[in-house]
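Notes follow the structure.
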Amino acid sequence: MPLRTATVAAVTVTTLGLGVLGVTLAPMARDLVADRHIEESHYDSGAVAKTSRASMPRWLPDGAKAVSYKMSTTGGDRLLRAQLPSGALPAGCSPTAPAVPAVAKLSAAWFPTGAKAPTPVASCGSYRVALDGRQLYAWQDDADWLAAAAK
């Protein structure tokens, strides 16, 4: 093989290899960058959760158990799951569902999505809330958080 043909072949293989590497690594890099502004925590009770994290909603009952919380550190997107002491809405919540039901923007293994996504039945502050027996699912998106902060 002449030197010129070998050089062209080597450049072509190198270019293709770099292209495949870029296509493979780009999604991983995007996920890594996106996840660096996400925090997830788990607490034994609502009281511990509110003491440990200033952004935990104050309407969460102290007696709630198995609290899971996920938040964006660059905005108001939040997920919350907790086992309530009873199946009743927490104090300070309105049994009126938001006019425009929205789905949570964040996701977590412990928060149902897709066909199993919770349907909001109430509002607690700027959170949309769904109840499944004593299990509370609540979520807030950035737009709701900004609107509440502007009031």
Side-chain angles (χ1 to χ4, degrees), residues 12-151:
T12 301
V13 168
T14 301
T15 302
L16 287 173
L18 289 174
V20 169
L21 185 63
V23 167
T24 304
L25 294 179
M28 292 187 320
R30 183 188 66 230
D31 290 345
L32 181 62
V33 169
D35 288 346
R36 72 182 174 149
H37 293 293
I38 302 296
E39 294 182 4
E40 187 169 336
S41 306
H42 303 278
Y43 306 96
D44 292 333
S45 71
V48 171
K50 291 189 292 186
T51 300
S52 301
R53 185 167 293 274
S55 63
M56 188 67 61
R58 301 292 110 190
W59 52 259
L60 180 68
D62 288 347
K65 301 291 182 201
V67 177
S68 295
Y69 183 69
K70 189 169 188 176
M71 64 174 279
S72 167
T73 61
T74 59
D77 294 323
R78 308 279 191 266
L79 293 179
L80 174 64
R81 183 188 72 183
Q83 189 74 29
L84 297 175
S86 72
L89 282 173
C93 296
S94 168
T96 305
V100 181
V103 296
K105 292 182 181 175
L106 292 178
S107 63
W110 45 264
F111 200 90
T113 60
K116 295 181 180 183
T119 301
V121 297
S123 297
C124 295
S126 56
Y127 281 75
R128 291 170 168 83
V129 176
L131 293 175
D132 183 6
R134 293 182 10 196
Q135 188 70 58
L136 173 134
Y137 296 99
W139 63 101
Q140 169 185 273
D141 69 29
D142 193 53
D144 293 334
W145 178 67
L146 290 171
K151 290 181 181 179

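Along the sequence shown, residues are numbered consecutively beginning with 1. Keep in mind that what you see is a predicted model, and the values were worked out from it rather than measured.
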Rounded distance (nearest 0.5 Å) linking atom OG of Ser94 with atom CG of Leu89: 8.5 Å
Least distance between heavy atoms, Pro118 atom then Ala130 atom: CB-CB, 3.4 Å
Residue pair Pro57 / Leu80, side-chain heavy-atom distance below 4.5 Å: yes
Side-chain heavy-atom pair Tyr137, Pro120 within 4.5 angstrom cut-off: no
Nearest-0.5 Å distance that lies between atom NZ in Lys50 and atom CE in Met56: 9.5 Å
Residue pair Trp110, Glu40: steps toward the side chain to side chain contact (heavy atoms under 4.5 Å, CB included) verdict: CA-CA 11 Å; Trp110 45 264; Glu40 187 169 336; 2.6 Å; yes
Stepwise side chain to side chain donor-acceptor pair (under 3.5 Å) test for His37 and Thr74: CA-CA 6 Å; His37 293 293; Thr74 59; 5.0 Å; no
Audit row: Gln140, Arg128, side chain to side chain contact (heavy atoms under 4.5 Å, CB included) steps and yes/no: CA-CA 6 Å; Gln140 169 185 273; Arg128 291 170 168 83; over 6 Å; no
Side chain to side chain contact (heavy atoms under 4.5 Å, CB included) evaluation trace for Lys70 with Phe111: CA-CA 10 Å; Lys70 189 169 188 176; Phe111 200 90; over 6 Å; no
Main-chain N/O of Ala82 paired with Gln135 side-chain donor or acceptor, under 3.5 Å: yes
Spacing of Asp141 atom CG and Tyr127 atom OH [to the nearest 0.5 Å]: 11.0 Å
Under 3.5 Å: donor-acceptor pair, side chain of Arg134, backbone of Leu84: yes
Leu106 and Ile38: CA distance, side-chain angles, deciding distance, side chain to side chain contact (heavy atoms under 4.5 Å, CB included) verdict: CA-CA 9 Å; Leu106 292 178; Ile38 302 296; 3.7 Å; yes
Test salt bridge (charged side-chain N to carboxylate O under 4.0 Å, His left out) applied to Asp142 and Lys105, step by step: CA-CA 9 Å; Asp142 193 53; Lys105 292 182 181 175; over 6 Å; no
Basic-acidic side-chain contact under 4.0 Å: Asp44, Lys65: no
Gly46 versus Leu60, closest heavy-atom pair with distance: CA-CD2, 3.8 Å
Pair Tyr69-Ser55, side chain to side chain donor-acceptor pair (under 3.5 Å): steps then yes or no: CA-CA 10 Å; Tyr69 183 69; Ser55 63; 2.9 Å; yes
Spacing of Lys116 atom NZ and Asp132 atom CG [to the nearest 0.5 Å]: 11.5 Å
For the student: nearest non-hydrogen atoms of Ala88 and Leu131, plus distance: C-CD1, 4.4 Å
From Asp77 atom CG to Met71 atom CE, the distance as rounded to the nearest 0.5 Å: 10.0 Å
Nearest non-hydrogen partners of Ala49 and Val67, listed with the distance: CB-CG1, 4.1 Å
Gap between atom OG of Ser123 and atom CG of Asp144 - 0.5 Å precision: 8.5 Å
